[in-house]
A.B. asks: 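Shown below is the structure under consideration.
Scope of the values below: all heavy atoms of this structure, side chains included, with no hydrogens, waters or symmetry mates.
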Amino acid sequence: MSSSTTVRAARRRTLRVAAAALVAAAGLTLTACSGSEAADAKSAGHTNVNSAAADSTASGWSGLQSTGAKAGLAGKQSGSAHVTNGGKAASPVRTQRLADGVSKAEISQLGDQHYRAKIIARGSVLATLETNGHDSGLDANDMFVTLTLDGQVHSWMGGGHQGPGTFKLAGGWTAKVTKAGELRYRAQIIGHDGVAATLETKGHDVGLDANGIYIVLSAGGVISAHA
């Protein structure tokens, strides 16, 4: 091989080595930037998005929700409770201990006949009930809770009947519970003059103040009432 050919080959090897070094350096720079961004995100608190869900799951309350169901009793509706912590901010009106002796309801007024009750245990918000022109209810692991249009919370333990079926309730009411689909039950609340109200779950619990008798129908078809 001639001396000129040897020089050209050496130059090509030198260029290839230099190019590889540049690629490696670029890779290290990108890795360092990514690590810095991750650290910034963590310090800003963005890694705790699911912490509330984790608290609910750990406490055994995960998935407790309820939403609106039409009811004809006294022109009212029932429902609207969920395991969230969003919506309007409001100052607490009062705090009330619940029937299980462990949890409490922190009740706030958001507007006319519009109340919110946060169910709290051991410092964590486990569920939220909200009225907005209708009552609200929740089956919290066999503790039943209602929030009425005037912001009153009522809770009791047990007394549930598993639907479908027809059941006698407190206050002389009768509930005819039928299954309408997956996690969807309907309960006709029947008095002396016939059907006074209809509760319906659509994957969520519902509740009703039936003239001072508090009724909850769960998404699993359990109905309970308490005076």
Side-chain angles (χ1 to χ4, degrees), residues 53 56-74 76-84 96-105 117-121 125-131 134-149 152-191 195-227:
S56 294
T57 302
S59 61
W61 282 55
S62 59
L64 296 177
Q65 298 187 354
S66 79
T67 188
K70 295 181 180 179
L73 187 69
K76 296 192 295 184
Q77 294 183 334
S78 66
S80 191
H82 41 84
V83 186
T84 63
Q96 179 178 328
R97 184 70 60 184
L98 298 181
D100 63 357
V102 176
S103 54
K104 62 183 179 179
K118 293 181 180 180
I119 310 301
I120 301 171
V125 177
L126 306 177
T128 301
L129 293 85
E130 187 170 325
T131 70
H134 49 69
D135 301 324
S136 181
L138 185 68
D139 176 3
N141 297 338
D142 208 36
M143 179 178 73
F144 299 91
V145 185
T146 61
L147 175 64
T148 64
L149 285 170
Q152 299 301 310
V153 168
H154 300 267
S155 65
W156 65 97
M157 299 296 297
H161 303 281
Q162 177 63 62
T166 301
F167 311 102
K168 293 292 185 180
L169 302 180
W173 295 106
T174 296
K176 183 179 180 181
V177 180
T178 56
K179 187 171 183 178
E182 185 66 26
L183 294 179
R184 186 169 181 174
Y185 284 81
R186 185 178 296 119
Q188 291 180 315
I189 308 303
I190 304 168
V195 177
T198 300
L199 296 170
E200 186 169 341
T201 69
K202 297 179 180 178
H204 309 285
D205 302 340
V206 291
L208 180 68
D209 173 5
N211 294 340
I213 304 299
Y214 307 100
I215 304 172
V216 171
L217 176 65
S218 78
V222 175
I223 191 164
S224 183
H226 193 264

A.B. asks: Please report the interatomic distance CD(Glu130) to NZ(Lys118), rounded to the nearest 0.5 Å.
C.D. replies: 10.5 Å
A.B. asks: To the nearest 0.5 Å, tell me how far Lys179 NZ sits from Thr201 OG1.
C.D. replies: 10.0 Å
A.B. asks: Locate the shortest heavy-atom distance separating Ala187 from Val177; write the atom from each residue and the value.
C.D. replies: CB-CG2, 4.0 Å
A.B. asks: For the residue pair Thr148 and His154, what are the closest heavy atoms and their distance?
C.D. replies: CG2-CD2, 4.3 Å
A.B. asks: Counting only N and O atoms by type, is there a donor-acceptor contact under 3.5 Å from the side chain of Ser103 to the main-chain atoms of Ala121?
C.D. replies: no
A.B. asks: How far apart are the closest heavy atoms of Leu129 and Leu147, and which atoms are they?
C.D. replies: O-CD2, 3.6 Å
A.B. asks: Check salt bridge (charged side-chain N to carboxylate O under 4.0 Å, His left out) between Arg97 and all other residues, then give those that pass, not counting sequence neighbours.
C.D. replies: none
A.B. asks: With heavy-atom distances below 4.5 Å as the criterion, would you say the side chains of Thr166 and Thr174 are in contact?
C.D. replies: yes
A.B. asks: Measure the CG-CE distance between Asn141 and Met157 for me, rounded to the nearest 0.5 Å.
C.D. replies: 9.0 Å
A.B. asks: Would you find a donor on one side and an acceptor on the other, under 3.5 Å apart, between the side chain of Ser136 and the backbone of Thr131?
C.D. replies: no
A.B. asks: Rounded to the nearest 0.5 Å, how far does CG of Leu126 lie from NZ of Lys104?
C.D. replies: 11.5 Å
A.B. asks: Evaluate the side-chain proximity of Ile189 to Leu199: yes if any heavy-atom separation is below 4.5 Å, no if none is.
C.D. replies: yes
A.B. asks: Just how far is it from atom CG of Asp142 to atom OG of Ser218, taken to the nearest 0.5 Å?
C.D. replies: 10.0 Å
A.B. asks: Shortest non-hydrogen contact from Ile213 to Ala170?
C.D. replies: CG2-O, 3.4 Å
A.B. asks: Do Leu208 and Thr146 touch side chain to side chain, with heavy atoms closer than 4.5 Å?
C.D. replies: no
A.B. asks: Is Glu200 reaching over with its side chain to a backbone N or O of Val206, donor-acceptor style, under 3.5 angstrom?
C.D. replies: no
A.B. asks: Going through the checks in order, is the side chain to side chain contact (heavy atoms under 4.5 Å, CB included) test met by Val153 and Val145?
C.D. replies: CA-CA 7 Å; Val153 168; Val145 185; 4.0 Å; yes
A.B. asks: Which value, rounded to the nearest 0.5 Å, describes the distance between Leu217 atom CG and Phe144 atom CZ?
C.D. replies: 9.5 Å
A.B. asks: Do Tyr185 and Pro164 touch side chain to side chain, with heavy atoms closer than 4.5 Å?
C.D. replies: yes
A.B. asks: Could you tell me which non-hydrogen atom of Trp156 sits nearest to which non-hydrogen atom of Ser224, and how far apart they are?
C.D. replies: NE1-OG, 2.8 Å
A.B. asks: Could you pull out the closest heavy-atom pair between Ala210 and Ile215, with the gap in Å?
C.D. replies: CB-CD1, 3.9 Å
A.B. asks: Is there side-chain contact between Val195 and Lys176, with at least one heavy-atom pair below 4.5 Å?
C.D. replies: no
